[in-house]
Structure formats: structure tokens, C-alpha cells
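Treat the numbers as computed from the prediction; the structure is a model and nothing was measured.
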Amino acid sequence: MTVRSMPRATTVGVAVVLAVGGLVLPAAAIPQAPVPQAPATPVVWRDCAADQLTDVPPAERFRFSCADYTVPLDHDRPGLGTINIALLRRAAGVPSARVGSIFVNPGGPGGPGTVLPLRAAGFLQASVLDRFDVVGFDPRGIGRSTAVRCFATQEDADALQRRGTLIPRTPEQIHQTSAARRDYARYCDRFAGPLLANMSTEAVARDLDLLRAGVGDEKLTYVGFSYGTFLGATYVNLFPQRARAIVLDGSVDPRLRASDGLAYDRQRTEGFEIALSAFLAECDRVGPLCAYSGGARAKYDASREYLKSRGPVTLPDGTFVDYERFVAATGSFLYQRAYLATFAELLQHLHLAIQPGQPRVAAEPRARLFATGVSPRTDTRPDTPYTGEDSYASVNCSDKPFTNRLSDVPGIADRWDRAMSTFGRYGAWADAATCPPWPAADRYSGPWNRKTANPVLVVGNYYDPATRYDFAKRMAAQLGNARLVSVDAFGHCVLGESTCVDRITADYLINLTAPAPGQVCAPDLPIFRAPVT
């Protein structure tokens, strides 16, 4: 169902009643009124701008083309005007064998999809690239599409950013951060215009259906990562008869995300704790292969508490590490399995720098990776045009209903901090603090169980921090026709890092062959391994 614009308390109340009351009907009982076929206004491809192909070898640039496509600002009120969607296409390698197009979404929300076709060889096998055009698009509000903007100048944005704290703990930090979050919503409501009320995933899914028709495909073939799985799930429930092959890697729990933002974020935060515990346990299990082995959990907790209670540490190379950067860097490294061994080295450097009487080690050239914060820039150009992306908050606050008030967040953060010692306070001050003051918007809240002709392929890592494995299991269970492939792996999403998963995906995309139930794959490489000599 679509929850239309109404006062926020009413919108949230409807969502909670439906979720708690269990009023999701079986698929067969839901009226299936046919969705009108999207008008097939053709996409007109052209040469891409030079700066879009800078990373592509000159000999390969002939494969790529770009386009702009017009869609309604509000699909239910087309008279309100139109916005632009930017696309980039990687042409099929063997035109005579071409099956159609694969649309791709990198997640975020707020990730520009036009970059993905440039990297398609990193997550799709050659057999797929030979048979499909790969089409990336910047969703509404993002990148080269008509962008949602909450500030007139970069100076305004920077000033608001400096008022807040990533992990507020003191009364002053809590007061200033709360005021900054409230003012951010006011800025957006005042400056972003009518696009702000039309940033929901439902709107993007309806854009996607127009794009599908525009490239000439009768049915959608799609690969979505992270938040892109929510977009995929929304599409197959709005347009189940138009889904050909849908791959969802790093899945959300769509029902929970669309009904209770606070509960969803708590479970998502817990996923980071699960991944961290597994990483530290794996470090000790492999012993000398991990630079941080030997009581990794105890060392990690001791470093965190030192930074939290006694203040920052400067590493031998001059890298400044405080509590906020430590927590943020941990989350960032858990996303990227290829960097987890490096993270173990950096943690050991930090441990030695904190421990009294330990020998000072040589500077670690990669220690700068701890420094996830960015120092304020000198303002050399007053009134710089603002080019930042406000789409992350715009989409999340449109799609995820929060019943808490902003004033409730400090108490929520205290409780989460006691239950989740590394990420609890960090997670509580994210969307739960940003979204309650946000202006109301339309959103899709289900059902999620409409049947597609072919099973949706859901892929989930056991130790995915951002979209925990439980979410993948729930996605597969909630969709009307889905097949889950599990992966015994760390990191967020896995396509391109497991030949097992890549082969299953290629067979599915090309031949519509769904894997047998209960498939479990492994990544191609362990996170800790002996150096190559």
C-alpha cells in the first residue's frame, strides 16, 4: 500500500498499526488490479561527457553511452512538472547474443548508479556482459539527475555540519547536535522544493519502470546492492508481472524498514556488533596470520574505552585517532572485507601506542585510513554553490517511519550504548535523530509478498555489518517467490568476490535458472592469508 502525505504522526501511526496488527494479507487475497503499462518513450543515447569516462581506457570508451530521461515529479500528479534522470550504458559485448538490459543500483540510498556500468566487470561475469547492456541511473535527487538540495551554498552546509557531533555524549554536544538536526530538516523543507516530498523508493521504482520501457525491455532484469535491494523489492511488488530476473545482494528487511524505522536501525546497529565480534574471533583463530591476534576482543575493547574516557591518541606517523574516528573507522573497515587484514594491523599499532612501556613502532603508512574525518577547508570562495548530496536523508526519512521524538534520542542512545558497546550510541544518533523532524512524504509500505514468475535471487553474507544475514533470510521469506544463497563471508555485499555466487548469478540472469534451495557459498579468498613470496 502507499501511505499518502498526511501529518507525520498519522502516517507513522498507520504504519505501526499495520505492522503490529499483522494485517498483511496473503498474496492471493490482495486485489491485483493491473498496473498500466508504462509509456515506452524511447531512451535517446548519446556520447557521454568526457569527465564520465576518465577511468575508462580509450580503446574501451566506444562501449559506453549516456542519456537523460524525463519522468514526472509526482507520478500521481503529472501536472506538477517533470524531473530528469541521468543514465549511463555499457553495451553488450556480443550484440548478436544480446538478451536485453540489466539495470543496476549501488545502494546508499544516495549512491549514483551511473558509475556502476564502468565497474561492471568487477561484479558480473563475462558471459553476462556479452549478453546484456548494463544500465546505471542516478535515482531522482542524486548525482547528475535532478538533485535534491537543502542548502543554497557550501558555507551554509559546512556551518550546520560543524554544529553537530557524530557521537554526542556531553549535555552540550547533545543540545547542539539536536538543534543542528532540527535545523537541517528546516533547511531542507524550505530550500529543496517539491522534490523533497517525492523522494521515496516507490517514486524511484516507478521511474525504473519507465526506464525499463524506454530501453525496450518487456520485463526488468535488475541487480541491486544494499539499499538497492529495497528498491528491487519495491519494484517486484508494484510490478510483479514485469519482473524477469531480480538479484538482491546485501538485503534489507523490507517489512521492518517500511514499518518501524527505530526497530530496523537497532537491528542494523546490532549487525555491526555481530560482524565486529566475528572479525575479532577470526583474528584470534588464525593466530599469526592476523597482526592483532592474541586476545583481540580484549585489546579492542580496551582501546575503545581508553579513547572514550581518556581522549585521543597520536600514532607514530602523526595520525590523530579519537573515539569518534575509531568507531567510524571500525564500521567503514567492516564494510570492506579486502581491507580487514589491514585494519588488524592498524588496530595493533593503536594498541601499542596506548600501552605504557610498549616499544614505539615504525610509522604505518596506511594509518591515515583511521582518519575518516575531514578537516574544515579554508573558505577561499565565499558563497560557493552547494553541490552536496542530501538524498540519503531524503530517501531514508521518506521511507522509514519513526515514532520517537528527537528529544527521545539521548535516552535511546544511552540504552543502545549499554547493549551495543561499540556502535550503539553511534547508530542511535543516525536516522532516529534526523528523521523525526523531517517533512512528511509519500511512501510504499507493502505488501511484500506478490509473486513473480521467476524467483528473486537473494544473496546474503553471514557477517555483513550493514545488512545483517537475518535481513537476507527475512527478505527471501517475505517475497512471494524468492531463493536465498548464503555466503560464509565478511563484508557488505559479495558479488565479484565469490566465484560460486557469480556463477549462480550468471546462470540466473542468462538462463533464468534459480539455484537449488539451501546453497551456501564461500568467498574466493580468506580475509587473513600468508603473504605471497
Side-chain donor/acceptor of N481 to backbone N/O of T452, under 3.5 Å: yes
Exceeds 12 heavy-atom contacts within 6.0 angstrom, atom CG of D47: no
Sidechain-backbone polar pair: S394 side chain, D390 backbone, donor-acceptor under 3.5 Å: yes
Within 45° cone and under 6.0 Å: R149 NZ/CZ vs F151 ring: no
Derivation and outcome, side-chain contact (heavy atoms from CB on, under 4.5 Å), residues F123 and D249: CA-CA 11 Å; F123 60 90; D249 183 9; over 6 Å; no
Validation row: D502, V128 side chains within 4.5 angstrom (heavy atoms): no
Salt bridge flag under 4.0 Å for residues K400 and D265: yes
4.5 Å side-chain heavy-atom contact, L220 and R242: no
Evaluation steps, side-chain contact (heavy atoms from CB on, under 4.5 Å), between R529 and L525: CA-CA 8 Å; R529 54 188 183 276; L525 297 171; 3.9 Å; yes
Side-chain donor or acceptor of R131 paired with backbone N/O of L509 under 3.5 Å: no
Intermediate values then yes/no, side-chain contact (heavy atoms from CB on, under 4.5 Å), Y69 and V215: CA-CA 11 Å; Y69 199 80; V215 300; over 6 Å; no
Minimum heavy-atom distance between P139 and G111, given as atom pair plus value: CD-O, 3.8 Å
Full working for side chain to side chain donor-acceptor pair (under 3.5 Å) between R140 and S145: CA-CA 6 Å; R140 57 174 53 215; S145 295; over 6 Å; no
Atom pair CG (N454) and CD1 (I246), whose distance is rounded to the nearest 0.5 Å: 9.5 Å
Enclosure of E60 CD (heavy-atom neighbours >12, cutoff 6.0 Å): yes
Criterion side-chain hydrogen bond (donor to acceptor under 3.5 Å, both in side chains) against Y227, the qualifying member of N105, T467, N396, T201: T201
Non-hydrogen atoms of C48 and S65 that approach each other most closely: SG-C, 3.3 Å
Main-chain N/O of A430 paired with R181 side-chain donor or acceptor, under 3.5 Å: yes
Stepwise side-chain contact (heavy atoms from CB on, under 4.5 Å) check, F239 with Y235: CA-CA 6 Å; F239 309 106; Y235 184 93; 3.5 Å; yes
Whether N237 side chain and A233 backbone form a donor-acceptor pair below 3.5 Å: yes
Y463 and its ring pair (Phe, Tyr, Trp, His ring centres under 6.0 Å) partner, picked from F279, F272, F490, Y335: F490
R190 atom CZ, over 12 foreign heavy atoms within 6.0 Å: yes
Side chain to side chain, R244 and V99, heavy atoms closer than 4.5 Å: yes
Side chain N198, main chain P194, donor-acceptor under 3.5 Å: yes
Chi angles and distances behind the side chain to side chain donor-acceptor pair (under 3.5 Å) call for D524, T499: CA-CA 6 Å; D524 291 341; T499 301; 3.0 Å; yes
N511, CG atom: more than 12 neighbouring heavy atoms under 6.0 Å: yes
Y264/F471 aromatic ring centres below 6.0 Å: yes
Contact summary for A476 and A482, nearest pair of heavy atoms: O-CB, 3.6 Å
N/O donor-acceptor pair under 3.5 Å between S332 side chain and A328 backbone: no
salt_bridge(D209, R212) N-O dist < 4.0 Å: yes
Centroid separation F191 to Y187 less than 6.0 Å: no
Cation-pi check, R89 onto F64 ring (under 6.0 Å, within 45° of axis): no
D253 bridged to K473 by N-O distance under 4.0 Å: no
Check: D68 side chain, N84 main-chain N or O, donor-acceptor pair, under 3.5 Å: no
Ionic contact status for D76 with R206, cut-off 4.0 Å: yes
For the student: nearest non-hydrogen atoms of C150 and Y184, plus distance: CB-CE1, 4.1 Å
pair P515-L484: side-chain heavy atoms closer than 4.5 Å: no
Interatomic distance, T114 atom OG1 to I85 atom CD1 [nearest 0.5 angstrom]: 11.0 Å
Atom pair OG (S101) and CG (D217), whose distance is rounded to the nearest 0.5 Å: 4.5 Å
Heavy-atom side-chain contact between Y462 and V487 under 4.5 Å: no
Point-to-point distance, once rounded to the nearest 0.5 Å, from OG of S127 to CD1 of I510: 3.5 Å
Euclidean distance, S486 OG relative to Y469 OH, rounded to 0.5 Å: 2.5 Å
Heavy-atom closest pair, residues S498 and P523: CB-CA, 4.0 Å
Main-chain N/O of V56 paired to R61 side chain as donor or acceptor, under 3.5 Å: yes
Inter-residue atom distance L248.CG - L479.CG, 0.5 Å rounding: 7.0 Å
Pair E202 + R443, salt bridge at N-O below 4.0 Å: no
Closest heavy-atom pair and its distance - A263, L256: CB-CD1, 3.9 Å
Sub-4.5 Å side-chain heavy-atom contact between D399 and F230: yes
is_close_aromatic(W438, F402), centroid dist under 6.0 Å: no
D133 with R90: basic N within carboxylate O range, under 4.0 Å: no
Full working for side chain to side chain donor-acceptor pair (under 3.5 Å) between H492 and N461: CA-CA 7 Å; H492 185 39; N461 287 350; over 6 Å; no
Test item: L208 and F137 side chains (from C-beta on) under 4.5 Å apart, heavy atoms: yes
Sidechain-backbone polar pair: K451 side chain, G480 backbone, donor-acceptor under 3.5 Å: yes
Close side-chain approach of D431 to Y392, heavy-atom, < 4.5 Å: yes
Q267 and R257: side chain donor to acceptor below 3.5 Å: no
